[in-house]
Amino acid sequence: MRDGAEAQPERAPRGRARAAREGSRVAAGPLLPARAARRGAGRAGGTCSSAAARPAARPAPRAAASPCTSPAKAIRAIDSRSVHRICSGQVVLSLGTAVKELVENSLDAGATNIDIKLKDHGTELIEVSDNGGGVEEENFEGLTLKHYTSKIQDFSDLVHVETFGFRGEALSSLCALSDVTIFTCHKSAKVGTRLVFDHNGKITQKTPYPRQQGTTVNIQQLFYTLPVRHKEFQRNIKKEYAKMVQILQAYCIISKGVRINCTNQVGQGKKSSVVSTTGSPSLKENIGAVFGQKQLQSLIPFVQLPPNEAVCEEYGLNATDMPQNLYR
Ligand SMILES: Nc1ncnc2c1ncn2[C@@H]1O[C@H](COP(=O)(O)OP(=O)(O)OP(=O)(O)O)[C@@H](O)[C@H]1O
Ligand SMILES: [Mg+2]
């Protein structure tokens, strides 16, 4: 479930104060925003930062700093579009999160076949296609709106959630951070539809598009609406890509009966395989597909034993209700 992943958010590398400015929830805390620091340094006196006007070789001792004389700034609400853009960078933190969100949506839609296409390691394009249930026409408008979801209606539904997603903010965040086009064909539809979205998740183009049942989400230029994050993303793409592959491998292993195939194409070069599984119903076979058949030899089978009477009594369990064959 996502909750587990959320409990341990990916850490922004040290010193990423500028990226934090654009909404990285991890590094935002105690860091001085670079712009504020620059602004202070640019003014020679008359502000809180009069120390900045002194020669760099002789920094003033802290206690000698003059008191702040500038009037307090008014506290005002940030406009809702800016809030949306900033907060979207807190939902989709990295390449790994973007791919994870799309794969989770495909799994939630009941797909048994998921294709992930990356161009230039995901900086140019991330495209996830599935053969799931597709999206019905009446849901097109809500598909990419903030907190619109088909998975829960109110808080009490959370107890019964069995899907990966439920917050209704992944697609809306991706719209705020990139150019999003979705191709979908619901099982009840005769023909598919191509939908182009703006950064607020509103449909700007809607045209018929022939495709089989399922959905394709096409994300171009992830993070380009947050220029500083975008630069950091491109600069760190090797690390981002490596993390994304790890996340994808984990989903490949746990997704029994789902064929997952991911490729990457650099420039006009040949597509290379990143990871692929065969849709096997066995966890072990998925591990073999991801890490190679040889690795299976070094695995020790995990045997699931029913809890004994004392354990059942202590924890109020009923041995017959316990899930079976969790590690098959
Ligand atoms: N691949 C897909 N196939 C079918 N429906 C989809 C697909 N992707 C998204 N949807 C629909 O769009 C809705 C919004 O997706 P989104 O990922 O933004 O939110 P969510 O999955 O409900 O919650 P979360 O933000 O926690 O992932 C989903 O509830 C689902 O109904
Ligand atoms: Mg989702």
Side-chain angles (χ1 to χ4, degrees), residues 1-7 9 23 25 84-85 87-117 126-155 157-189 192-203 206 209 211-219 222 247-248 251 254-255 258-262:
M1 270 284 291
R2 171 207 303 283
D3 284 351
E6 291 289 80
R25 75 176 130 191
H84 180 45
R85 199 187 292 187
C87 291
S88 294
Q90 297 175 330
V91 175
V92 178
L93 292 159
S94 60
L95 175 66
T97 336
V99 171
K100 173 185 95 77
E101 292 295 341
L102 298 179
V103 169
E104 284 186 344
N105 279 349
S106 296
L107 292 170
D108 287 347
T112 54
N113 203 343
I114 303 175
D115 260 307
I116 304 144
K117 252 197 228 168
I126 305 166
E127 189 176 86
V128 177
S129 304
D130 67 54
N131 65 347
V135 183
E136 266 178 308
E137 179 145 19
E138 64 185 55
N139 287 326
F140 287 172
E141 294 289 334
L143 185 59
T144 48
L145 295 183
K146 187 99 173 158
H147 301 311
Y148 276 56
T149 178
S150 57
K151 297 164 192 173
I152 63 167
Q153 282 189 343
D154 61 35
F155 196 82
D157 293 339
L158 280 176
V159 183
H160 310 290
V161 162
E162 288 190 350
T163 50
F164 287 106
F166 55 83
R167 302 170 305 173
E169 54 182 6
L171 290 182
S172 86
S173 301
L174 286 166
C175 283
L177 300 171
S178 60
D179 287 334
V180 175
T181 306
I182 297 181
F183 307 83
T184 190
C185 182
H186 189 256
K187 46 191 168 201
S188 64
T193 307
R194 172 179 177 268
L195 301 161
V196 181
F197 297 89
D198 68 12
H199 296 312
N200 297 309
K202 292 252 154 63
I203 297 169
K206 179 177 158 189
Y209 188 89
R211 66 153 291 151
Q212 290 185 330
Q213 181 191 313
T215 303
T216 298
V217 181
N218 178 303
I219 307 285
L222 182 63
I247 294 170
L248 197 54
Y251 278 81
I254 61 157
S255 304
V258 184
R259 186 193 148 275
I260 299 179
N261 183 41
C262 177

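First listed ligand is number 1; within each ligand, the first listed atom is number 1. Quick caveat: nothing in here was measured; it's all calculated off a predicted structure.
- When S106, A109, S129 are ranked by how near their heavy atoms come to atom 3 (N) of ligand 1, first place goes to A109.
- Heavy-atom proximity to atom 9 (C) of ligand 1, evaluated over L145, I114, N105, V103, is greatest for N105.
- Put simply, the residue from L177, D179, V180 that forms a side-chain contact (heavy atoms from CB on, under 4.5 Å) with H199 is D179.
- With 2.8 Å as the limit, N105 counts as an N, O or S neighbour of the Mg ion (ligand 2).
- Ligand 1 does not have G133 within reach: every non-hydrogen atom of the residue lies 4.0 Å or more from it.
- In this structure, F197 has its ring center no closer than 6.0 Å to that of F140.
- Heavy atoms of E101 found under 4.0 angstrom from ligand 1 belong exclusively to the side chain.
- Counting heavy-atom neighbours within 6.0 Å of K146 NZ, excluding the residue itself, gives a total above 12.
- Salt-bridge annotation for E137 and K206: present, with a side-chain N of the basic residue lying under 4.0 Å from a carboxylate O of the acidic one.
- Residues S173 and V91 approach most closely at OG-CB, 3.4 Å, considering heavy atoms.
- Across the listed options V128, T163, L171, L107, L171 owns the non-hydrogen atom lying nearest to atom 15 (O) of ligand 1.
- Taking every heavy atom of A170 and a limit of under 4.0 angstrom, the matching atoms of ligand 1 come to 17 (O), 18 (O), 25 (O), 27 (O).
- Heavy atoms of T149 found under 4.0 angstrom from ligand 1 belong to the backbone as well as the side chain.
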Problem set entry | Intermediate values then yes/no, side chain to side chain contact (heavy atoms under 4.5 Å, CB included), S255 and L107 | CA-CA 8 Å; S255 304; L107 292 170; 3.7 Å; yes
